[in-house]
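This report refers to the structure that appears directly beneath it.
Computation of the quantities below employed the complete heavy-atom set of this structure, encompassing side-chain atoms and omitting hydrogens, waters and symmetry-equivalent molecules. If you're wondering where the values come from, they're calculated on a predicted model, not measured in any experiment. Lettering follows sequence order; numbering is per chain, from 1.
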2 protein chains.
Amino acid sequence: MADDLTPLAVSALALLVERPMHPYEMAQTLRVRGQDLDVKLRVPSLYHAVERLLRDGHVEEVGVGREGKRPERTTYRLTAAGRAAMETQVVAWLRQPRAEYPVLPVAVGEAHFLSRAQVESVLAERRGAVLAERDTVTRMRDAALDKGVPRRMLLGKEYSLHRLDAELAWIDAILTDLDSGALDWDQPFLTSTPPFTEQDPS
Amino acid sequence: MADDLTPLAVSALALLVERPMHPYEMAQTLRVRGQDLDVKLRVPSLYHAVERLLRDGHVEEVGVGREGKRPERTTYRLTAAGRAAMETQVVAWLRQPRAEYPVLPVAVGEAHFLSRAQVESVLAERRGAVLAERDTVTRMRDAALDKGVPRRMLLGKEYSLHRLDAELAWIDAILTDLDSGALDWDQPFLTSTPPFTEQDPS
DNA sequence: CTCGTTATAGTCCACATGGAGTATTCGACG
DNA sequence: CGTCGAATACTCCATGTGGACTATAACGAG
């Protein structure tokens, strides 16, 4: 039983539900549909992903075509196993949250190496960038709705908006606390004995 | 100029600010402090990360010790270049959001392959799991505050809480719209001509 | 009609990741 | 006092990732 599919593999399989394609065409389609905002799309990774799908019987070759005098291309078709594997993976991703590791908490966790002033300035800059992104996403979603794209295709955008709002709220909380001095930035910070665990309860 | 540091590399450098350590000790310290919830910590990756830091002059060997009769261990010390590189990286992460790719939007984006009932049931299950996680994080933060851990060390937890709340709101929105029928789950979905772009504006 | 540009359709290879394994030592239990 | 499990401190290698490169064709500007 071949293991977990990567997000890019799932996107590829989903495209093949519609019709057979060659990898380059998948990449184009994903880009045209804006799905490359949700899935990290790098061409070589896509080719590798398709290779693995082939190896695992999730897709099969449907022919090597020479259309016009373009470079050779291998087209793939979805198998029943591939379809099933994709659905299983989607369900698994929906069913339970998996640990993901955004860098922002790490950065803030080490931000005490910076001066309070620097942190304030840099976070203020970030705040602006996040606001701008929020604006862009809103506009994309609204434009799509106007064009008649069904709501359920835009749920990812709604999620992004929620996340951006959460980030804004959090940045604002930090900036407020930095200003009010509630964040004790200049206190000596513990080195040897972390107070995170009284690890000697014996 | 060596490139971007990985999150794990930054955590390693941050530990070395306190005192020289060997990799295994870094791993233990990160775990004791609960930082392995923010940074993905796998022992082999840590060794590789330290190797790269050594190669790039961010750390130097400070001796191969045999304490007691334990296996040999190589201890590393931070260099000035390493300290600077870490601060630069932290500032870069704070200054601007970088594209990250959570799987949930991808999964929801392909969820139309599932039946409405299945999506509802699976998302309801997820909702419970997210609630439980939110509870756990809250308790961890409160416990740490009680022990006198400074606020600024717990900003990551606050961020997690904001994000979990955002996810809950989003799940609830989907479940509501699925129930009310606002999400037109059973409509025929476009295959050949995506309405995402009228890609013929000529 | 030639020359730089963009689009097509990929491949190469250097690098990063992480499950599983190794080898030694310490501590506890019978 | 032997052995069995856990901790210590790594290493191996299969797999995944992605910047840079290749090679051909169509396209437009001079």
Atom pairs and distances, side-chain donor-acceptor, residues 113-120 of chain B, under 3.5 Å, sequence neighbours left out:
residue: B/Ser115; atom: OG; partner: B/Gln118; partner atom: N; Å: 3.0
residue: B/Arg116; atom: NH1; partner: B/Leu178; partner atom: O; Å: 2.8
residue: B/Arg116; atom: NH2; partner: B/Asp186; partner atom: OD2; Å: 3.1

Ignoring backbone atoms, establish whether [X] has a side-chain N or O less than 4.0 Å from OP1 or OP2 of [N].
X: B/Tyr24; N: D/dC10; result: no
X: B/Arg52; N: C/dC15; result: no
X: B/His22; N: D/dT8; result: no
X: A/Arg42; N: D/dT17; result: no
X: B/Ser45; N: C/dG18; result: yes

Side chain to side chain donor-acceptor pair (under 3.5 Å) between A/Glu133 and B/Gln96: does it pass, once the steps are laid out? CA-CA 11 Å; A/Glu133 200 183 325; B/Gln96 282 212 26; over 6 Å; no
Taken to the nearest whole Å, CG/B/Leu53 to P/C/dC15 is 15 Å
When rounded to whole Å, the CD to C1' distance for the pair A/Glu25 and C/dG10 reads 15 Å
*asked:* salt bridge (charged side-chain N to carboxylate O under 4.0 Å, His left out) for B/Glu51 and B/Arg55? Distances and angles first, verdict last.
replied: CA-CA 6 Å; B/Glu51 228 162 75; B/Arg55 180 198 63 197; over 6 Å; no
Interatomic distance, CG@B/Asp142 vs NZ@B/Lys147, rounded to 0.5 Å, equals 12.5 Å
Looking across every strand, which nucleic acid part, if any, lies under 4.0 Å from A/Gln28 by heavy atom: base, sugar-phosphate, or nothing? sugar-phosphate
